[in-house]
Protein chains: 2
Amino acid sequence: MTRKKKKATIHDISKALGFNSSTVSRALNDSPLIADKTKKIILEKSKELGYQRNSLASKLRTNKTKTIGVIVPRIARHFCSSVIAGIEEMAFDKGYDVIICQSLETVKREKKLLDTLLANRVDGVLIAISMETTNFDHLENYKNEGFPLLFFDRPCDIEGCTNVVIDDFKASFDATEHLIRKGCKNIVHFSGPKTLALYRNRWRGYRAALEKNNIPLNDNYIFESKLMEKDGVIGAQKILSLPEVDGVFSANDTTAISAMQYLKKNGKNVPEDIAFVGFNNEPMSAVFAPSLTTIHQPGFEMGRMASSLLFEEIDGTRRVKGDQVKVLNPELIIRDSTSKHMLSESI
Amino acid sequence: MTRKKKKATIHDISKALGFNSSTVSRALNDSPLIADKTKKIILEKSKELGYQRNSLASKLRTNKTKTIGVIVPRIARHFCSSVIAGIEEMAFDKGYDVIICQSLETVKREKKLLDTLLANRVDGVLIAISMETTNFDHLENYKNEGFPLLFFDRPCDIEGCTNVVIDDFKASFDATEHLIRKGCKNIVHFSGPKTLALYRNRWRGYRAALEKNNIPLNDNYIFESKLMEKDGVIGAQKILSLPEVDGVFSANDTTAISAMQYLKKNGKNVPEDIAFVGFNNEPMSAVFAPSLTTIHQPGFEMGRMASSLLFEEIDGTRRVKGDQVKVLNPELIIRDSTSKHMLSESI
DNA sequence: TTGTATGCGTTATCAT
DNA sequence: ATGATAACGCATACAA
């Protein structure tokens, strides 16, 4: 256990060899100006001395970090980690590093993370805003300064933003109509905070499907929450007091599964008594009994798309004028939680 | 959409106010040397100009980044994200930033990430090595240079390392003995690569439990793989050709669940025909039918412990001489996948 | 309490 | 093809 050694610098290499430090720098950057044999000598010596470039100095000098930041609500969520995988793949191809951060659904952390990323002069940021984020000032400031900031999954309404999202309206419309086709007449909707455009869109899709099928809207059937596990229990309890309810469209899987568990324990059968459709296609949903019909979102694709747009903005190859929206297509995954064989289905 | 503006520096503030830039620097760092009213003026102006400290310059100058790196195999894994939560909490208290990275279980990425972290001069690194990592050279070099590098979950055998782990031997012993008590006589073990000490320990625990209970060891019952989903299917297929098998101890939940699914589809009942114990307590395991008996690891606690030790090493308050191991206690979570009511249980 | 001068390690712009 | 020098933005030792 040696004591912490001082790191070798290009000056150490230059002194050891008699070359000037700028020659060393150029050689280490594989500049075409430097003779091959010189490069070889310098590279060897640098290995010998255990040289490792100080990125801080380099970034400070060049004013480029070749690094982007990503802020997601929670890295553990399947959808988030898919998006991250897509981003990392794209970034790798472009030679960029990625700093992953989680806001844990709080604005406070979101602000702090954004500040830290910018203090570290990342070249751009991709963000899925937190559930608490209703005021966009902290984002708008940076956006107005011309900083490459791009939103995915949860769109942001401020001017001049690029949003990469899935078609939440259509997905929810399809999900709800699927329940209706399965014979459901009294469909509850587990909604997230309607302060988020995302959840407003899902709610609108639900309503549109009911309207189109001449099913009266009932405000008592909209349960708004943060869609945590406990909210599923609360939702299930409310449902038990509404015996006519025969279907649930939940804006995420976690809450749907939690509700199904509670209902099963309390003598309700899924899908026979109540059918369920979730959202997100968490791995858990395929494995729960009954497996959950849900919406699959192309997370990996979204990550690739969002980062590729961000890189265009960073490189200046994309002119950003006014709002831009890229919409990806979600997919309804039909499973057992809606496998009723009811009369209406064959009509 | 304004064009990218140049960021304000302490010099801009100093010029605007007539103070020297070092006064500005001190004021922004809330130095006690600076008069309160001066501080106030400088702070106001800095806000007006939208000043934001350039961390790169600051870090370069001070040779301290107040940042640690964490490398985990996959951020999506429940256990990993629990550890990260613990690390982030501890780091927040100490005023450190955390850079999260995933090796995706490959040495290549692991090396690259470690290099990037060190090029960015993080103050220390916490790592759970990848499954492929059998050669520790890339880690040993840094360790030998006195760099604060600390291992968690998957211990590292190189000299002078601190490892924060759970008692994998005991957990596996308990898991296996639990199966034995439930009447299992022919117990298969799904093992990870035995090149990892972690999986060797789990395998040893399994063997020790069999030996203690006078159950002959059978090498055909050890299925070694990378414990992916597909390995569960392969394992299940092998089991179908071994009709005497009545129990499985799997070194992770994913593989166990995948195997249970396959067996169920092929007419085997769990736990009646074959009982299962997994490892990791993934959320999915509570939700699968039958729910999976498994080992819960205190991830959050491990994260707090590991980071707290790392900070001691960074601060120099901990003398690191020779190997150190911190062992946390896992917990057997008994669920339906081992709920046999067999004769032997009541003996 | 504030100012002056210097350097962290790198790269870019000159010059040779 | 290589060298000399300045500058990126900040923090600190020293001076006043």
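Naming convention: chains lettered A, B, ... in sequence-line order (proteins, then strands); numbering from 1 in each chain.
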Next on the checklist: Heavy atoms only, 4.0 Å cut-off, all strands: where does B:Asn20 land among base, sugar-phosphate and nothing?
Outcome noted: base
Checklist entry - Between A:Asn29 and A:Arg26, is there a donor-acceptor pair closer than 3.5 Å when you use the side chain of the first and the backbone of the second? => result no
Next on the checklist: Categorize A:Asn63 for me: base, sugar-phosphate, or nothing, with a 4.0 angstrom heavy-atom threshold over every strand shown.
Outcome noted: nothing
Next on the checklist: Is there a side-chain contact between A:Arg53 and the phosphate of C:dT11, meaning an N or O under 4.0 Å from OP1 or OP2?
Outcome noted: yes
Next on the checklist: Output the rounded distance in Å from CD1 (A:Ile42) to P (C:dT10).
Outcome noted: 13 Å
Item to check | Spacing between A:Phe19 atom CZ and D:dG3 atom C1', to the nearest angstrom | outcome: 11 Å
Next on the checklist: Quick check against the 3.5 Å criterion: does B:Gln102 have a side-chain atom that pairs as donor or acceptor with the backbone of B:Ile71?
Outcome noted: no
Can you tabulate the close N/O pairs, meaning under 3.5 Å, that link protein atoms to atoms of nucleotides 13-16 of chain D?
unit_1	atom_1	unit_2	atom_2	d
D:dA13	N6	B:Arg26	NH1	3.3

Next on the checklist: Please check: side-chain N/O of B:Glu312 versus main-chain N/O of B:Thr317, any donor-acceptor pairing under 3.5 Å?
Outcome noted: no
Item to check | Nucleotide of C:dG3, C:dA12, D:dT2 approaching A:Ala35 most closely (side-chain heavy atoms) | outcome: D:dT2
Next on the checklist: Pairing donors with acceptors under 3.5 angstrom, does anything connect the side chains of A:Asn20 and A:Ser14?
Outcome noted: no
Checklist entry - Checking B:Thr133 side chain against B:Val107 main chain: does a donor-acceptor pair fall under 3.5 Å? => result no
Item to check | Sidechain-backbone polar pair: B:Ser58 side chain, B:Asn54 backbone, donor-acceptor under 3.5 Å | outcome: no
Next on the checklist: Once you apply a heavy-atom cut-off of 4.0 Å, does B:Ser25 come out as touching a base, just sugar-phosphate, or nothing?
Outcome noted: base
Next on the checklist: Nearest whole Å is fine: how far is D:dT5 C1' from A:His11 NE2?
Outcome noted: 12 Å
Checklist entry - Would you say a side-chain N or O of A:Asn29 is under 4.0 Å from OP1 or OP2 of C:dT11? => result yes
Checklist entry - How do B:Leu60 and B:Thr38 order along DNA chain C: which one's closest nucleotide is nearer the 5' end? => result B:Thr38
Next on the checklist: Using heavy-atom distances to pick each residue's nearest nucleotide on DNA chain D, tell me which of A:Ser21 and A:Lys37 is more 5'.
Outcome noted: A:Lys37
Item to check | Check: A:Ser130 main-chain N/O paired with A:Glu105 side-chain donor or acceptor under 3.5 Å | outcome: no
Next on the checklist: Let's see if you can work this out: which of C:dG3, D:dA7, D:dT12 has an atom nearest to the side-chain heavy atoms of B:Thr23?
Outcome noted: C:dG3
Checklist entry - In whole Å, what is the span from the NZ atom of B:Lys6 to the P atom of D:dC8? => result 7 Å
Checklist entry - A:Arg61 CZ to D:dC10 P: how many Å, rounded? => result 16 Å
Next on the checklist: Without decimals, in angstroms, what is the distance between B:Leu33 CG and C:dT4 C1'?
Outcome noted: 15 Å
Checklist entry - When the distance from CG of B:Asn120 to C1' of C:dC8 is rounded to whole Å, what number comes out? => result 16 Å
Checklist outcome for this item: Whole-Å distance, B:Asp12 CG to D:dC8 P, equals 11 Å
Next on the checklist: I want to confirm an ordering. Mapping B:Ala57 and B:Asp36 to their closest nucleotides on DNA chain C, which one lands closer to the 5' end?
Outcome noted: B:Asp36
Next on the checklist: From the set C:dT2, C:dT10, C:dA12, return the single nucleotide nearest to any side-chain atom of A:Thr62.
Outcome noted: C:dA12
Next on the checklist: With a 3.5 Å distance limit and no angle check, can you tell me whether B:Asn163 reaches the backbone of B:Cys156 through a side-chain donor-acceptor pair?
Outcome noted: yes
